[in-house]
Number of protein chains: 2
Amino acid sequence: MISSLLPAAVNRPVDHVPVWFMRQAGRSLPEYRRIRGNGSILDTVRSAELAAEITLQPVKRYGVDAAILYSDIMVPLTAVNFGIEITQGKGPYVKEPFRSESDLARLRRLEPETDIPFVIETVKLVVEELRDSGTPLIGFAGGPFTVASYLIEGGSSKNYIETKTMMRADPSLFDRLMNNLAVMAVDFLTAQVDAGAAAVQIFDSWAGILTAAEYKRFVLPSVKLIMDSIAYFGVPRIYFALSASHLIDQIAVSGCDVVSVDWKMPLSTVKGQLQKSGNKLSVQGNLDPTYCFAPWDAIEKEVMRILMEGEGRGHIFNLGHGVLPGTDPEVLNRIVELVHSVTPGSLVGSV
Amino acid sequence: MISSLLPAAVNRPVDHVPVWFMRQAGRSLPEYRRIRGNGSILDTVRSAELAAEITLQPVKRYGVDAAILYSDIMVPLTAVNFGIEITQGKGPYVKEPFRSESDLARLRRLEPETDIPFVIETVKLVVEELRDSGTPLIGFAGGPFTVASYLIEGGSSKNYIETKTMMRADPSLFDRLMNNLAVMAVDFLTAQVDAGAAAVQIFDSWAGILTAAEYKRFVLPSVKLIMDSIAYFGVPRIYFALSASHLIDQIAVSGCDVVSVDWKMPLSTVKGQLQKSGNKLSVQGNLDPTYCFAPWDAIEKEVMRILMEGEGRGHIFNLGHGVLPGTDPEVLNRIVELVHSVTPGSLVGSV
C-alpha cells in the first residue's frame, strides 16, 4: 500500500486514509527498548544509525503511512549549548532558565552542518531506506511557545507562572525570545527538509493554556514565521497543539496545511470551523490514546466514528496525543489495518 | 457593601459585580498558615472551629462577596471510610482503588448527622458569624467524575487511563459508580444547605478531559441529578470545570444556575453559547490565576476587560482556577477593590 499522507495533507483525493501515530517510535515498542540503552534521549539522537533504526521500527512493524523523525523538541537548544539535561521519564531540565535580556545571547543561530550533523545524517539514512516504498519522513520541531515555556520555567510546569509573567511584564523580551526560537525551528526544519524530509510537524503541545487573544498576540506571529519560511520548500506543514479547541480560528490562519487536534472536539466541528475561515485545511487525529487500553470492539467503533467524521478526504488518522507507555503494539497494528481497510468514498457525507 | 452574589447568580440586577476567589481560604494567607498546623487537611476539616475560622479569614481580609466552605472533595468519601489519605501538597491517595463491582459496597450512603457532624457544625458557625453582614456561604462538593477519577486511579493522574478504560469496558459499572457519587454529593450538599449555606458549587475540575459525547453519556446524568435535587432548596447552583470550552452546550442543560469557566474562553463567547440554548444562565470567572503575578497595570487592564465581557449582569467575578500558592494577598485585595469600584451600568453593551 503506497502512502497517501502527502495528498491527504493538501486535501487531494486518496485511495485510503493515511495513518501514523505521534510517538510511534519509542517506549511502547519492545524492539525500541532492546536497542535504546540507558542513556539520555539526547545521546540516542546523536547516534544517527540508532536514531534512524528507531525512526524506521514503527514503519516496519505497523506499515504506517509516515515515519516521524525520532527527536526531541530540545535538540536544537542543546546543540547551541543552552544547558539542557533530559533524564528518562522526567522531561527536560534547564540548568539556568531564560530570565532576562542577557539570556538572548545564549540563543545563538543554529548552524545545522556543524551543530546537528547527526540529525541530517539520520534523515538521510531514513529517507534512503524508505525510498523504494515511497513512505515519507515527517520532520520534527518544537513550537516556539512550548520550547519557550521549558526555557523560562526551567523544566516542565503545572501553571506556567514564570512564562506568563514574562509575557505580561516584559512583552518585548518575550517577543524576541519567541522570534529567536521560531528562526531556530526554521533552521532545524530546513536542514531536515534539505536532507529529504517530505513534510514537517510543529509540536506546540502547551499552546492551549493561553487564551485566544494571548495566542494571537504572542504565539501566532512566530508560528506564521515558521510556516511561511517552510512554504518555500512546498512540503506540507502540520501544526499540533493540545487542548486548543478555543484556538482553531487562530491556527487556521497560521499558514499550516494540516491542523492536528486532540480528542476533545469532533473532527467535523474542527473542519467546520476551519472552513469558516475560507481555508481548505486538512485535519489530523484524533483518537484518544487511552482508547488503546479499551476492549477492541470499543476501539473499532471509535476508529470508525473518527473516520466518518474525517469523511475520507483531507484527513490523516492519528492519535490525539502521543502513544502512551504500556500501549500494546498489537492494538496499533489492528488500528492501522482497520483504517487501511476502509474505502474513503464510503465515508463521504457520513456525518 | 452588601453582597450581590445571590442576585448575580440568578441573573438579577446588582449594584456591584460580586467577587470571590476559588481557594481564597488557604495557603496563600499568612493567617491561615499560622493556625493550620502540620496535619492533613482532613484533620483540619474535622475541627469545626478551625475550619470555620479558615473559611472566614478571606471574608475578613478581602471583603469578598461570599465565603466558600473550607473542605476537600474527598471529605464525604473519607467519612464513609473508603480509605483515603491526603498529605500536604500531594493530593488524595486511595489505598484500595475502585476497580470492580464489589467495590460499590464500600460506597455506603452518607449519613451526615453521624458521618460529618463537623461539617454541619462548621457551616453553622460560619453562617452565624456572617449573619449580620449578609455575606452568603457557598457550600462545596466534588463533581462525580472528578471524584470517580481519584477513586479509580488511586490518586491524581496524568492520562486517566484506568478511569476511561472502565468507562469503555464496563459502562454499567461506571454508571453505577457515578450515580452513587452523585447521591453522595447531594447528601453532602443538603447537609450544608440545611445548616445555612446559601449557594452551592460543584467542583468538577477534570471533566474537561472528556469529549462532549462522553460527557453527555457518562457525566451529565449525574450532574443533572445533583442540580435537580438541590433545586428543591432554591439556592443557586454553580458548576465549575477546567478546560471545558468544548462542553459548554452540555453544561448549559445540566440545571446549574452559574457556569464557572477557566480563562481560555472570553466570557462573552461563553455567554453567547449559553444563550443559544435558550437559558439565561450566569457566568463566573475568569481571571487566569497566574495574572496575580503580573505587574499591577497588566492585572488592572485584564480585570477591566473581564468586567466588560461580563457586562455587569449575571456575572460573578472570580479566577479561572484556584488561588495559586505564592499569590500576594495584597493583589487579591486590590482586585476586590477594583471590581467593587465599577458601576455595573457602565459595563452594559461594552463588548
Side-chain angles (χ1 to χ4, degrees), chain A residues 156-171 207-215 242-249 261-267 269-270 273 286-299 301-302 305-306 309 320-327, chain B residues 156-171 207-215 242-249 261-267 269-270 273 286-299 301-302 305-306 309 320-327:
Chain A
S156 46
S157 173
K158 199 175 160 196
N159 296 308
Y160 303 92
I161 297 177
E162 301 288 345
T163 307
K164 289 176 170 178
T165 300
M166 184 182 294
M167 205 170 84
R168 290 154 190 163
D170 195 346
I209 61 162
L210 299 174
T211 67
E214 287 168 337
Y215 185 88
L242 270 174
S243 290
S245 305
H246 60 300
L247 301 179
I248 298 294
D249 290 347
V261 293
D262 71 13
W263 59 89
K264 294 183 192 171
M265 250 180 153
L267 290 183
T269 311
V270 178
Q273 230 174 305
N286 68 347
L287 182 69
D288 184 339
T290 64
Y291 247 106
C292 298
F293 298 82
W296 174 252
D297 57 346
I299 301 174
K301 211 172 140 190
E302 183 71 357
R305 183 188 67 74
I306 291 167
E309 300 267 355
H321 198 187
V323 175
L324 291 166
T327 300
Chain B
S156 46
S157 174
K158 198 176 162 194
N159 297 306
Y160 303 91
I161 297 176
E162 301 288 344
T163 307
K164 289 178 172 179
T165 300
M166 182 181 294
M167 206 170 84
R168 290 155 191 165
D170 196 345
I209 60 161
L210 299 174
T211 67
E214 288 169 338
Y215 185 89
L242 268 175
S243 290
S245 306
H246 59 302
L247 301 178
I248 298 294
D249 290 347
V261 293
D262 70 13
W263 59 90
K264 294 183 194 173
M265 250 178 150
L267 289 182
T269 310
V270 177
Q273 231 174 305
N286 65 347
L287 183 70
D288 184 339
T290 64
Y291 247 107
C292 298
F293 297 82
W296 175 251
D297 57 348
I299 301 174
K301 209 172 142 190
E302 183 70 358
R305 183 189 67 77
I306 292 167
E309 300 266 355
H321 198 189
V323 175
L324 292 167
T327 300

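Values reported hereafter were calculated over all heavy atoms of this structure, with side chains retained and with hydrogens, waters and symmetry mates removed. The chains referred to below are lettered A, B, ... by the order of the sequence lines, with proteins before strands, and numbering in each begins at 1. All values derive from a computational prediction rather than experimental measurement.
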Legend entry - With A:K264 via salt bridge (charged side-chain N to carboxylate O under 4.0 Å, His left out) - residues at least two apart: none

How many angstroms lie between [atom1] in [X] and [atom2] in [Y], if you round to the nearest 0.5 Å?
X: A:F293; Y: B:M166; atom1: CZ; atom2: CE; answer: 15.0 Å
X: B:R168; Y: A:K301; atom1: CZ; atom2: NZ; answer: 12.0 Å
X: B:T290; Y: A:E162; atom1: OG1; atom2: CD; answer: 10.5 Å
X: B:N159; Y: A:D288; atom1: CG; atom2: CG; answer: 9.0 Å
X: B:H246; Y: A:H246; atom1: NE2; atom2: NE2; answer: 11.5 Å
X: B:L324; Y: A:I161; atom1: CG; atom2: CD1; answer: 4.5 Å

Legend entry - chain A interface, residue from B:Y215, B:Y160, B:W263 that has the most non-hydrogen pairs under 4.5 Å: B:W263

Inset, instruction - Flag the one option from B:A294, B:P295, B:S245 with the top tally of heavy-atom pairs under 4.5 Å to chain A. - result: B:P295

Segment of [X] engaging chain B (4.5 angstrom heavy-atom cut-off):
X: A:Y291; result: both
X: A:E302; result: neither
X: A:A169; result: both

